[in-house]
Amino acid sequence: MGTGDFICISMTGGAPWGFRLQGGKEQKQPLQVAKIRNQSKASGSGLCEGDEVVSINGNPCADLTYSEVIKLMESITDSLQMLIKRRVDTPFLFLEDQSHPPFLHLLGYTSQLIVTLASQLMD
C-alpha cells in the first residue's frame, strides 16, 4: 500500500461496528475498509474507507483469510481496537457546520497538502 501513517482506532459497545472489509490472504490483497456506514461507531471513530487493517485486537491480519477475519470480528463482544495504515494522500476532513460553508474543521491530516487545501478553503 506504500507509505502511510499508522493509527490506532478504538470502538466500544459491541457490534454492529458499522464498517465492511475486503481483501485478505486468499485474494492476495491487504485487508482494507471497503465501506463505512453513516452515523455508526466506525464513522465516529475516525476510521476511513481505504484504510488498511494491520491488526484487530492485537491479532496481525496480514496472513489471515477473509473468513478468518470474519470469525475474529464475530468473537469480539465489547471493545474493538484496530491498528490501521492510512495512505498519506487520504484526506481526513469533515464539514463541521453546513449552514456556514466552507468552514472546515480539521480533525486530522496525513499530509501537508491537506492542511494547505483546508487553509485555502477557509480564506
Hey, what do you get for [atom1] ([X]) to [atom2] ([Y]), rounding to the nearest 0.5 Å?
X: Leu47; Y: Ile7; atom1: CG; atom2: CD1; value: 9.5 Å
X: Asn57; Y: Ser10; atom1: CG; atom2: OG; value: 9.0 Å
X: Asp51; Y: Arg87; atom1: CG; atom2: CZ; value: 10.5 Å
X: Phe19; Y: Arg37; atom1: CZ; atom2: CZ; value: 11.0 Å

Indicate every side-chain donor-acceptor pair of residues 68-80 with a distance under 3.5 Å to a residue at least two apart or in another chain.
| residue | atom | partner | partner atom | Å |
| --- | --- | --- | --- | --- |
| Glu68 | OE1 | Thr65 | N | 2.7 |
| Glu68 | OE1 | Thr65 | OG1 | 3.4 |
| Ser75 | OG | Leu72 | O | 2.6 |
| Asp78 | OD1 | Gly13 | N | 3.4 |

Residue pair Gln32, Glu49: steps toward the side-chain contact (heavy atoms from CB on, under 4.5 Å) verdict
CA-CA 8 Å; Gln32 291 182 313; Glu49 292 176 7; over 6 Å; no

Tell me every residue that passes side-chain contact (heavy atoms from CB on, under 4.5 Å) with Leu83, counting only those two or more places apart in sequence or in another chain.
Phe6, Val54, Ser55

Taking only residues at least two apart or on different chains, which pairs with a member in residues 14-30 satisfy side chain to side chain donor-acceptor pair (under 3.5 Å)?
none

Applying side-chain contact (heavy atoms from CB on, under 4.5 Å) to Leu21 and Val53, what does each step give before you reach the verdict?
CA-CA 9 Å; Leu21 298 171; Val53 181; 3.8 Å; yes

Walk me through it: do Ser43 and Ser45 pass the test side-chain contact (heavy atoms from CB on, under 4.5 Å)?
CA-CA 6 Å; Ser43 68; Ser45 73; over 6 Å; no

List the steps, then state whether side-chain contact (heavy atoms from CB on, under 4.5 Å) holds for Cys48 with Val33.
CA-CA 7 Å; Cys48 294; Val33 177; over 6 Å; no

Correct closest heavy-atom pair for Ser40 and Ile36 would be OG-CG2, 4.2 Å

Which pair of heavy atoms, one from Ala42 and one from Gly18, lies closest together, and at what distance?
CB-O, 3.7 Å

Are Asp5 and Arg86 ion-paired here, with the side-chain N under 4.0 Å from a carboxylate O?
no

